[in-house]
There are 2 protein chains.
Amino acid sequence: MSDTSLRTQVYDSLRQALTTGRFAPGQKLTFRFIAGALGVSLTPVREALGRLVAEGAFEMQPNRSVRVPLMTRARIEELRDIRKSLEGLATAKAAMVADKRQIAELRRIALAIATARSHGDDATDRQHVREFHFSLYGIAGQPILLRVIEGLWLQTGPYMNLLYPDFINRPHGPQTRARIIRAMQARDAVAARREIENDIDRALSYIAELADDAGNIAPAAPKAGVGRRRGTAMTSLQFDYVQ
Amino acid sequence: MSDTSLRTQVYDSLRQALTTGRFAPGQKLTFRFIAGALGVSLTPVREALGRLVAEGAFEMQPNRSVRVPLMTRARIEELRDIRKSLEGLATAKAAMVADKRQIAELRRIALAIATARSHGDDATDRQHVREFHFSLYGIAGQPILLRVIEGLWLQTGPYMNLLYPDFINRPHGPQTRARIIRAMQARDAVAARREIENDIDRALSYIAELADDAGNIAPAAPKAGVGRRRGTAMTSLQFDYVQ
DNA sequence: CCGTCCGATTTGTGATCACAAATTTCGTTG
DNA sequence: CAACGAAATTTGTGATCACAAATCGGACGG
């Protein structure tokens with residue numbers, strides 16, 4: 001384990017909560033609420049939130065309180081174009097250097113996605129989709145690029161559960177991953193990039209339209225409550241529930 | 001003024017110091033040193049440094065102390081490719097929407113660069129170069145993209161002073177900016193993007209070679225001392241000197 | 001002269017306290 | 001009954017304290 005600081009644990013907890021859709025766009029959070037929910041003092045919460053605000057995962061109002069950014073069409077489309085550019089770049093570089101073992105790993109994850117999807121298990125589906133993308137980008141061996149992409153996923157995270165279940169059951173998903181793997185085998189960086197860019201474009205354009213339908217308004221922000229946990233071994237902080 | 005918090009002032013001071021080359025790659029810094037130099041407590045320094053580490057402007061060693069990342073060829077080339085991709089994207093979007101007033105502003109800044117350069121004033125030269133690029137990218141009206149690009153500039157900042165004075169006096173610089181402005185007038189997004197990408201490629205490829213020549217080693221890291229300042233009006237914290 | 005060990009110092013991390021600014025609450029008034 | 005305003009509460013910010021882990025500095029032995 002590399003970093004066991006509380007600050008990092010709080011950061012990971014919030015990141016996990018964001019990417020699994022436990023916070024709604026527009027939802028407000030207070031430092032003390034999070035600190036109480038995770039059973040830590042304000043200090044690590046401030047540092048974690050400061051970083052998340054810097055990354056754009058939360059917005060800090062000019063005065064008080066942080067909140068999850070609202071879902072607007074312009075925002076989604078901007079994230080879409082940046083992600084296409086950078087994840088396309090990572091995919092192209094990966095395609096040029098991937099070896100058989102790495103490609104086999106991608107195939108394994110693609111299968112796991114198909115399995116979870118056939119069972120209607122959205123949670124593990126999303127988890128495996130993330131795993132597939134970051135395994136792919138990791139092959140490129142570009143640590144700075146990877147970190148920037150992680151920041152972008154963090155910002156799109158709260159919206160991605162809107163893809164379930166309608167969008168996800170369209171027929172292009174499995175084909176896209178199969179085509180990417182085929183392009184990687186052929187060392188065809190151009191084709192691999194094109195497939196990834198199309199994939200991102202379809203998903204985020206779909207969400208952008210949803211944002212339009214909703215009148216650029218966030219879903220009703222749920223009020224949040226939590227269970228205290230003052231555990232013995234605080235190996236991973238976790239939000240007990242966010243109602 | 002939007003954010004007057006000490007944390008932000010410390011962040012800006014460190015950012016300024018980094019991008020003006022006051023810290024050498026590889027240089028180590030302690031929290032207490034920075035706090036003492038700027039006359040604040042540890043708290044705002046920790047938050048500012050946490051953010052800078054998250055952005056990659058500093059590295060936190062697994063154990064103690066933060067330091068400016070070393071200049072390696074791989075790192076420079078990675079930053080080069082990411083910057084080409086994203087600043088190319090911003091330039092293309094800007095070219096599609098720029099109005100006459102915005103283009104005139106770019107021309108004004110380009111002239112200011114030429115003036116500073118003819119006087120051999122490297123400091124204002126660099127400042128205006130930054131101004132030119134961010135004015136250009138700002139035209140695109142993409143706040144998320146702009147923030148990511150700022151993070152990338154922060155990471156390339158410590159190396160950019162290596163462009164002076166040799167690289168800067170090559171003849172392609174002024175021509176590039178003139179060509180960009182011409183492409184913007186013609187609403188030629190493809191040409192504008194090409195010019196920016198070439199510009200970034202030349203500069204960072206030049207630095208990448210320097211990193212190679214230096215054997216992937218940082219310049220001698222100067223030991224740092226500072227003057228205390230416990231001023232009355234602490235409107236902008238500043239490192240007095242870093243020897 | 002070089003390597004190794006042990007005590008002293010330095011350094012990052014987290015908790016707690018203090019405080020000003022913002023928000024909320026609630027009584028009063030038109 | 002809506003609108004205003006003052007008191008009470010909430011909330012982020014910064015400073016300070018405490019502590020464990022890492023680093024540093026010599027003393028010692030080879």
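Proteins get letters first, then strands, A, B, ... in listed order; numbering begins at 1 in each.
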Options dT11(C), dG12(D), dT13(C), nucleotide nearest the side-chain atoms of Thr30(B): dT11(C)
Which nucleotide in dA15(C), dT13(D), dG12(C) has an atom nearest any side-chain atom of Val40(A): dA15(C)
Trace of the side-chain hydrogen bond (donor to acceptor under 3.5 Å, both in side chains) decision for Glu55(A) with Tyr11(A): CA-CA 12 Å; Glu55(A) 291 176 328; Tyr11(A) 176 84; 2.8 Å; yes
side-chain contact (heavy atoms from CB on, under 4.5 Å) assessment of Ile149(B) paired with Glu87(B): CA-CA 7 Å; Ile149(B) 292 175; Glu87(B) 295 176 41; 3.9 Å; yes
Any donor-acceptor N or O pair under 3.5 Å, side chains Thr20(B), Arg126(B): no
Protein-nucleotide distance (Glu47(A), atom CD; dG12(D), atom P), rounded to Å: 15 Å
Spacing of Gln61(B) atom CD relative to dC24(D) atom C1', expressed in whole Å: 17 Å
Sugar-phosphate only, base, or nothing, as touched by Thr43(B) at under 4.0 Å among non-hydrogen atoms: base
Atom-pair distance (CG on Asp3(A); P on dA21(D)), nearest Å: 15 Å
Side chain Arg32(A) and base dG12(D) donor-acceptor under 3.5 Å: yes
Atom-pair distance (CG on Leu49(B); P on dG12(C)), nearest Å: 9 Å
Sugar-phosphate only, base, or nothing, as touched by Ser5(A) at under 4.0 Å among non-hydrogen atoms: sugar-phosphate
Atom of Pro143(B), atom of Glu78(A) and distance for their closest heavy-atom approach: N-OE2, 3.1 Å
Value in whole Å for how far the C1' atom of dA15(C) lies from CZ of Arg7(A): 15 Å
Whole-Å distance separating the CG atom of Leu6(B) from the P atom of dA20(C): 15 Å
Separation of atom CG in Leu42(B) from atom C1' in dG12(C), rounded to whole Å: 9 Å
Gap between atoms OH and C1', on Tyr11(B) and dT13(D) respectively (whole Å): 19 Å
Note: Glu150(A)-Arg147(A) ion pair, threshold 4.0 Å (strictly below): no
Minimum-distance nucleotide to Phe31(B) side chain [options: dG12(C), dG12(D), dA15(D)]: dG12(C)
Touch class at under 4.0 angstrom, heavy-atom based, for Arg46(B) against every strand present: base
